[in-house]
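So you know, we letter chains A, B, ... as the sequences are listed, proteins then strands, and number each from 1. Heavy-atom basis, side chains included; hydrogens, waters and symmetry copies ignored. Quantities reported herein were computed from a predicted structural model and do not represent experimental measurements.
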Amino acid sequence: GLIKTKAGLVKTPTFMPDGTRGAVKGLTASQVVSTGVQTVLANTYHLHLRPGENIIARLGGLHSFTRQTLPILTDSGGFQVFSLSKIRKITEEGVEFRDPLTGNKNLLTPESSMQIQLKLGADMMVAFDDVTALDDEGKSRTKEAFERTHRWLERSLAEFQRLTKNMKPSERPLLFGVVQGGLSKKLRKSSLEVVQSLPVDGIAIGGLSVGEPRKDMYEMLKYLAPMYDPARPHFLLGVGEPADLRLAIEQGVDMFDCVLPTRNARHGTAWVRGDKKIHLSNAKFIQDNKPIDPSCDCTTCKEGYSRGFLRHQFKVGESLAGSLVSIHNIRYLQRICEDYRK
RNA sequence: GUGCUCGUAGCUCAGUUGGUUAGAGCGUCGGUUUGUGGAACCGAAGGUCGUGGGUUCAAGACCCAUCGGGCACC
């Protein structure tokens with residue numbers, strides 16, 4: 001498929017690396033481009049706290065601020081306040097939470113999430129949703145969160161429409177609604193119907209890949225596959241294992257984002273042909289002169305950085321190793337996407 | 001040569017008036033990571049306590065000798 005955004009076209013399926021604080025950790029904007037990805041993610045929650053959307057707007061918006069020319073999708077902050085569950089309070093109005101660094105109280109609502117994302121200058125935005133875990137405590141809240149996510153979606157959409165009504169179509173960002181419902185097929189189906197009944201530009205599937213057995217996620221993706229609106233892109237939030245990507249693409253998913261390629265990279269883990277993982281800090285690579293994956297076309301492999309060199313850099317704590325392997329891992333996922341486009 | 005001082009894990013060091021199976025940090029080795037509070041975390045291996053005697057129910061610790069390092073003095 002092809003997604004038209006105000007910053008350019010995005011071919012799907014596509015993988016988006018997470019540039020949570022405005023940068024994919026350890027990479028320059030052009031290094032990110034060099035991996036062949038079509039779009040990157042940035043985060044409402046983090047950028048709102050620091051440096052703040054007003055500062056970024058004053059510095060020309062996300063593209064100017066981060067020097068990234070690729071289309072940028074901002075996440076809504078819903079997942080972040082979920083992962084900060086210890087210090088948050090959910091009300092119908094929104095989520096109250098404390099800045100983990102300063103202790104300051106903050107309130108994120110569907111309306112403020114839309115305002116922040118627009119101020120940041122996002123090309124694609126996500127509606128503010130209520131995310132739950134899939135453990136026993138989370139399960140007791142699944143239905144409540146599912147219902148609230150829909151009410152919040154209507155508020156997100158209303159605020160989005162209010163703020164963008166005077167924009168030309170070519171300047172207007174795209175808005176994704178989020179499907180919730182935990183591991184309940186009944187709720188998921190209903191949630192998908194609600195989201196697709198509204199004039200959102202894309203469908204995001206949230207609340208999966210949060211620790212449930214892989215089988216459960218696969219089953220849900222297979223179940224949802226025939227029900228997607230084919231005219232709109234389908235975005236599976238938070239998925240980034242190669243095998244998961246393949247399965248999801250085969251079940252009609254168009255977009256992914258995940259911290260895994262970059263987090264793994266910083267910790268010395270690289271994917272190689274066959275979706276296998278290697279731990280570059282292992283002693284067996286001390287004298288290994290081969291690139292991470294001889295069949296890979298990423299710049300790290302093409303320029304010949306050896307496993308032995310990378311191991312050394314990891315062992316002495318140089319951040320270059322994490323950057324070089326991030327380029328490789330992102331490229332690995334991007335190649336999976338490209339293979340499916342052929 | 002004399003005096004003082006120090007020798008405990010690969011490294012740097014804890015180790016109570018002598019009291020279970022001698023600990024830590026770092027390093028080494030292995031693993032975990034799914035809409036980034038994490039360049040984070042979890043686990044494992046690794047020691048005849050310089051050596052040899054002695055005292056004691058019991059010694060890393062006390063005594064003697066010896067080897068090695070450091071410092072001071074002659």
Side-chain angles (χ1 to χ4, degrees), chain A residues 15-27 40-47 49-50 73-88 97-103 106 113 117 124-134 149 176-180 202 204-214 216-218 221 235-245 247-248 253 255-271 277-286 311 313-326 329 333:
Chain A
F15 176 78
M16 301 183 279
D18 286 355
T20 301
R21 294 182 165 93
V24 176
K25 286 188 181 183
L27 300 187
V40 298
L41 181 141
N43 206 280
T44 298
Y45 169 87
H46 295 83
L47 294 174
L49 292 179
R50 273 170 293 276
L73 181 144
T74 49
D75 195 7
S76 67
F79 184 82
Q80 283 61 51
V81 288
F82 154 71
S83 71
L84 303 176
S85 57
K86 281 173 202 155
I87 48 171
R88 72 171 176 168
F97 63 97
R98 287 179 183 276
D99 181 335
L101 236 61
T102 65
N106 274 271
S113 177
Q117 293 184 64
M124 292 178 273
M125 307 175 25
V126 177
F128 191 67
D129 61 334
D130 186 359
V131 188
T132 53
L134 294 172
T149 290
F176 284 71
V178 184
V179 173
Q180 288 291 353
I205 299 113
L208 292 177
S209 65
V210 289
E212 74 279 16
R214 200 162 239 98
D216 293 350
M217 179 170 83
Y218 285 4
L221 291 174
F235 173 15
L236 179 56
L237 292 153
V239 164
E241 282 284 356
D244 296 349
L245 229 67
L247 181 123
V253 173
M255 305 161 69
F256 304 87
D257 82 288
C258 192
V259 303
L260 214 48
T262 47
R263 180 185 288 165
N264 277 349
R266 291 195 304 282
H267 301 161
T269 303
W271 287 304
K277 287 194 291 191
I278 62 172
H279 298 277
L280 284 161
S281 57
N282 289 7
K284 63 183 170 188
F285 298 120
I286 287 173
R311 177 183 190 275
Q313 295 294 316
F314 277 118
K315 283 301 174 186
V316 295
E318 285 288 344
S319 61
L320 176 63
S323 299
L324 289 170
V325 180
S326 288
N329 279 349
L333 297 183

Under 4.0 Å between any heavy atoms, over every strand shown, what does [X] touch: base, sugar-phosphate, or nothing? Just pick one.
{"X": "A:Gln313", "value": "nothing"}
{"X": "A:Gly322", "value": "nothing"}
{"X": "A:Asp18", "value": "base"}
{"X": "A:Asp244", "value": "base"}
{"X": "A:Asp129", "value": "base"}
{"X": "A:Gly211", "value": "nothing"}

Which residues satisfy the salt bridge (charged side-chain N to carboxylate O under 4.0 Å, His left out) test with A:Arg21, sequence neighbours excluded?
none
Using the test salt bridge (charged side-chain N to carboxylate O under 4.0 Å, His left out), find all partners of A:Asp130 that sit at least two apart in sequence or belong to another chain.
A:Arg141, A:Arg148
Of A:His279 and A:Thr132, the one whose closest nucleotide on RNA chain B sits nearer the 5' end is A:His279
For a quick test of your reading: what N or O donor-acceptor pairs under 3.5 Å do the side chains of residues 315-324 of chain A make, sequence neighbours left out?
{"from": "A:Ser323", "atom 1": "OG", "to": "A:Gly26", "atom 2": "O", "distance (Å)": "2.7"}
{"from": "A:Ser323", "atom 1": "OG", "to": "A:Ser319", "atom 2": "O", "distance (Å)": "3.4"}

Polar atoms only, N or O, under 3.5 Å: list the protein pairs with nucleotides 39-44 of chain B and their distances.
{"from": "B:A40", "atom 1": "N7", "to": "A:His267", "atom 2": "NE2", "distance (Å)": "3.4"}

Tell me every residue that passes side chain to side chain donor-acceptor pair (under 3.5 Å) with [X], counting only those two or more places apart in sequence or in another chain.
{"X": "A:Thr269", "answer": "A:His279"}
{"X": "A:Thr149", "answer": "none"}
{"X": "A:Ser76", "answer": "none"}
{"X": "A:Asp129", "answer": "A:Gln180"}

What integer number of Å spans the C1' atoms of B:U21 and B:G68?
31 Å
Below 30° counts as parallel, above 60° as perpendicular, anything between as tilted: where do the rings of A:Phe176 and A:Phe235 land?
perpendicular
Just need the stems in RNA chain B: three or more back-to-back Watson-Crick or G-U pairs, each with both distances under 3.5 angstrom, sorted by first number.
B:1-7 with B:67-73, B:10-13 with B:23-26, B:28-32 with B:40-44, B:50-54 with B:62-66
Once hydrogens and angles are ignored, does a donor-acceptor distance under 3.5 Å link the base of B:U33 to the side chain of A:Thr269?
yes
